[in-house]
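Order of the sequence lines sets the chain letters (A, B, ...), proteins ahead of strands, with each chain counted from 1. Owing to the predicted nature of the structure, the values given are computational and were not obtained by experimental measurement. Only heavy atoms go into these numbers, but all of them, side chains included; no hydrogens, no water, no symmetry mates.
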Amino acid sequence: MPLQLYNTRTRRVEPFQPRRDGRVSIYVCGLTPSAQAHLGHARSFLFFDILRRYLTFSGYEVTYVQNVTDIDDRSIAAAHRLGVSWREIVDGYYAEFKRSMQRLGVREPDKEPYATEFIPQIRETIVALIERGYAYVASDGIYYRVGKFERYGALSNRNIAELEAGARIEIDEAKEEPLDFALWKFAKPGEPHWPFEPYGDGRPGWHIECSAMSHALLDPEGTGFDIHGGGADLIFPHHENEIAQSEPLMARPPMANFWLHGGLLLFDNRKMSKSLGNFEPLCDVLDRYDPQAIRLLFLRTGYGKVMNFTDEAMAGAEATLERLRRDYRALHAVAGSANGSVREGGALTARVVAALDDDMNTAAALREVLAAAGNAEAEGAAQRLAELRNALTLLGIEPDERWLAEPEALPLPSDLAAALRREIGEPWLDGIEDARAALERAIAERLAARAGKDWARSDRLRDALLRCGIELQDGKEGSVWSVVR
RNA sequence: GGCGACGUAGCCAAGUGGUAAGGCAGGGCUCUGCAAAAGCCCCAUUCGGCAGUUCGAAUCUGCCCGUCGCCUCCA
């Protein structure tokens with residue numbers, strides 16, 4: 001059974017078939033960095049990262065393009081508000097987004113085109129649309145004539161008449177029909193602008209950059225590319241408008257064979273959204289939770305489903321991740337002493353592949369991975385470990401050094417010595433600046449207290465250590481410690 | 001109002017015709033000076049409601065109720 005994907009365009013699950021054998025072209029609508037990225041963005045890009053990993057794993061040569069809409073009304077507004085240039089706003093937020101993606105293990109796109117780097121191609125596209133009667137020049141900009149494109153509404157399953165009933169013309173817009181949308185906005189004083197002879201200086205409207213850039217980078221012949229992705233909130237109007245802009249100029253539509261949309265993330269049962277203001281910046285969430293746990297949480301829900309984010313669910317994902325790491329470590333230990341050759345593709349790989357072939361059922365894939373990790377039998381351990389590592393990498397939860405390190409081997413908080421002095425306040429810590437030395441001294445003190453059955457002092461020291469981020473666990477062979485976050 | 005998605009235990013969630021995965025939380029036990037960790041066990045006669053199709057339904061059909069999304073900037 002080949003890969004099956006839900007295609008928004010046909011509203012059906014269909015077998016995935018690339019246009020050219022062995023090659024897959026993907027265009028995903030990226031970020032508009034006019035504000036901080038949030039977890040909802042992460043969910044979407046995390047999904048496309050896994051899709052890309054899987055296609056690559058399946059032997060395709062994948063070209064993944066994810067654009068940056070680096071010019072829009074909100075970044076201009078934010079720049080005015082803060083008294084800086086829009087470029088600073090956009091670069092700042094985008095750099096933060098990139099750092100967050102890196103922490104989440106999202107691989108860099110093959111190409112990250114900026115809208116402002118494609119102004120010539122955007123102008124060309126607009127000129128072509130004007131020449132064919134799909135666009136017209138108005139007093140404040142150049143607009144797309146929606147009524148001219150008969151398939152308008154096909155992607156989002158809407159009809160123009162109904163849309164018009166609910167649409168409104170903004171006060172200073174001079175467009176012919178309410179549904180018409182801006183391809184180019186003439187610059188008002190103080191706004192960033194690019195030349196466009198003979199029409200007038202200005203900036204591209206939202207939507208047009210994706211038509212121009214996907215054409216330039218993935219589909220120069222105008223015969224379409226394989227997969228176009230984005231969040232479900234982009235289906236209308238953004239993707240509908242992209243199609244309207246692109247397809248009249250193509251030699252052979254459709255613009256993209258497969259349209260894939262990631263389900264939205266709710267927070268407090270409301271859509272996580274810049275405009276609603278109900279979100280925590282992604283970089284802050286990543287400080288609070290292990291990025292791999294966030295990834296694992298998202299894997300447990302179908303990519304296209306609406307998902308509600310809660311701290312409770314997050315705690316569950318962290319617990320699952322910890323167990324997975326422990327199981328992995330145990331399996332690694334067993335496999336190290338076990339002999340047996342590792343062959344390509346085995347039972348686990350086959351199960352994971354079957355799961356992902358089923359419209360990227362990451363929940364089922366994860367289930368297989370967790371079950372395999374939990375099997376600590378020596379028989380076939382090396383094989384299982386190898387497959388497990390591959391499957392985890394496929395899902396983007398890559399086992400790194402931390403997975404194999406004993407908890408005690410992890411780095412200590414840099415301010416541990418000072419923290420211990422503050423919490424314990426006993427003279428034997430004076431002058432010890434080294435974190436490890438201070439920790440070892442404190443543990444030795446506690447062991448002495450335990451040996452003397454001074455349980456009160458023993459518990460006091462254990463509590464103090466915990467407040468400093470060190471958890472002690474007493475076993476038969478003495479105490480082991482680990483760093484808690 | 002139009003279009004769409006969803007409603008499974010306290011929470012998250014898988015399962016889409018064959019008799020309810022898993023995790024978290026909660027409870028019990030073992031271990032322990034006490035904890036923690038770990039291990040074992042328990043925790044939905046039932047899948048929003050009501051009809052219907054079927055030998056059989058959480059899964060299919062119809063109606064109803066509820067939540068959310070898109071229809072305006074949004075991943």
Considering only heavy side-chain atoms of A:R74, the closest of B:rC73, B:rA75, B:rG2 is B:rC73

Between CZ of A:F181 and P of B:rU72 the distance, given in whole Å, is 13 Å

Heavy-atom nearest pair, A:S75 first then A:S34, reads N-CB, 3.5 Å

Query - Span that lies between the P atom of B:rG62 and that of B:rG26, in whole angstrom - result: 43 Å

Regarding the side chain of A:L264, the nearest nucleotide among B:rA13, B:rG69, B:rC24 is B:rG69

In RNA chain B, stems of three or more consecutive pairs, Watson-Crick or G-U, each with both distances under 3.5 Å, turn out to be B:1-7 with B:65-71, B:10-12 with B:22-24, B:26-30 with B:38-42, B:48-52 with B:60-64

Tabulated below should be each protein N or O lying under 3.5 Å from an N or O of nucleotides 8-11 of chain B; please produce it.
| residue | atom | partner | partner atom | Å |
| --- | --- | --- | --- | --- |
| B:rG10 | N2 | A:E312 | OE2 | 3.3 |
| B:rC11 | O4' | A:E312 | OE1 | 3.4 |
| B:rC11 | O2' | A:E312 | OE1 | 3.1 |

>> Using 30° and 60° as the class boundaries, would you call the ring planes of A:Y144 and A:F181 parallel, tilted or perpendicular?
In response: parallel

Separation of B:rA21 atom P from A:R367 atom CZ, nearest Å, is 11 Å

Report task. Answer with yes or no whether the side chains of A:S85 and A:R87 bring together a donor and an acceptor at under 3.5 Å. Result -> no

If I pick the C1' atom on B:rC41 and the same atom on B:rA5, what distance separates them, to the nearest angstrom? 39 Å

Side-chain atoms of A:A315 come closest, of B:rA75, B:rC24, B:rG33, to B:rC24

Residue pair A:F48/A:S458 against RNA chain B: nearer the 5' end by closest nucleotide is A:S458

Q: Taking atom C1' in both B:rC68 and B:rG48, compute the distance separating them and give it to the nearest angstrom.
A: 15 Å

(request) Measure distances between side-chain N and O atoms of A:R326 and base N and O atoms of B:rA38, and say whether any donor-acceptor pair falls under 3.5 Å. (result) no

Note: for A:A364 and A:R323 on RNA chain B, the residue whose nearest nucleotide lies more 5' is A:A364

Ranking B:rA75, B:rA35, B:rA13 by distance to the side chain of A:S44, first place goes to B:rA75

* Asked: Would you find a donor on one side and an acceptor on the other, under 3.5 Å apart, between the side chain of A:H80 and the backbone of A:A77?
  -> no

Notebook entry, point to check: Between A:F97 and A:Y94, is the ring centre distance below 6.0 Å?
Noted result: yes

key: Separation between the P atoms of B:rC11 and B:rA25, rounded to whole Å   = 15 Å

Checking B:rC3, B:rA75, B:rC73 against the side chain of A:N157 (C-beta onward), the nearest is B:rC3

Here the distance between atom P of B:rG2 and atom CD1 of A:I235, to the nearest Å, is 20 Å

| Between B:rC6 and B:rG15 - P atom distance, rounded Å | 12 Å

Regarding the side chain of A:D459, the nearest nucleotide among B:rC71, B:rC34, B:rA75 is B:rC34

Q) Using a distance-only test with no angle check, is there a side-chain donor-acceptor pair under 3.5 angstrom linking A:E440 and A:W481? A) no

Heavy-atom closest pair (A:H238 atom, A:C29 atom, distance to 0.1 Å) is NE2-SG, 3.4 Å

Can you check side-chain contact (heavy atoms from CB on, under 4.5 Å) on A:I227 and A:N257, steps first, answer last? CA-CA 6 Å; A:I227 296 173; A:N257 264 354; over 6 Å; no

Here the distance between atom P of B:rC12 and atom CZ of A:R295, to the nearest Å, is 24 Å

Practice prompt. Using the P atom on both, measure B:rC43 against B:rG10 and round to a whole Å.
Written response: 15 Å

Q. For atom P, what is the distance between B:rG27 and B:rA35, given to the nearest Å?
A. 14 Å

Please produce a list of atom pairs where a protein N or O lies less than 3.5 Å from an N or O of nucleotides 66-68 of chain B.
| residue | atom | partner | partner atom | Å |
| --- | --- | --- | --- | --- |
| B:rC68 | OP1 | A:R270 | NH1 | 3.4 |

message: Could you check whether any side-chain N or O of A:N7 sits under 3.5 Å from a backbone N or O of A:W259, counting only pairs where one atom can act as donor and the other as acceptor?
response: yes

Sequence neighbours excluded, the answer for side-chain hydrogen bond (donor to acceptor under 3.5 Å, both in side chains) partners of A:N67 is A:Y27, A:T69

Enumerate donor-acceptor pairs with a distance under 3.5 Å from any side-chain N or O in residues 146-155 of chain A to protein atoms, sequence neighbours excluded.
| residue | atom | partner | partner atom | Å |
| --- | --- | --- | --- | --- |
| A:R151 | NE | A:E247 | OE1 | 3.3 |
| A:R151 | NH2 | A:E247 | OE1 | 2.6 |
| A:Y152 | OH | A:N241 | OD1 | 2.5 |

Per atom distances to the A:R300 side chain, the nearest of B:rA36, B:rG22, B:rA75 is B:rG22

### Query
Using the P atom in both, what is the distance from B:rA58 to B:rC47, to the nearest Å?
7 Å

By salt bridge (charged side-chain N to carboxylate O under 4.0 Å, His left out), A:R300 pairs with (sequence neighbours left out) none

Rounded to whole Å, OH of A:Y152 lies from C1' of B:rC71 at a distance of 10 Å

For a quick check under 3.5 Å, do A:Q36 and A:E96 share a side-chain donor-acceptor pair by atom type? yes

To the nearest angstrom, the CG-P distance between A:N159 and B:rC70 comes to 20 Å

Whole-Å distance, A:D474 CG to B:rA36 P, equals 12 Å

Classify the ring geometry of A:H228 against A:H239: parallel below 30°, tilted from 30° to 60°, perpendicular beyond 60°. perpendicular

Taken to the nearest whole Å, CZ/A:F267 to C1'/B:rG69 is 18 Å

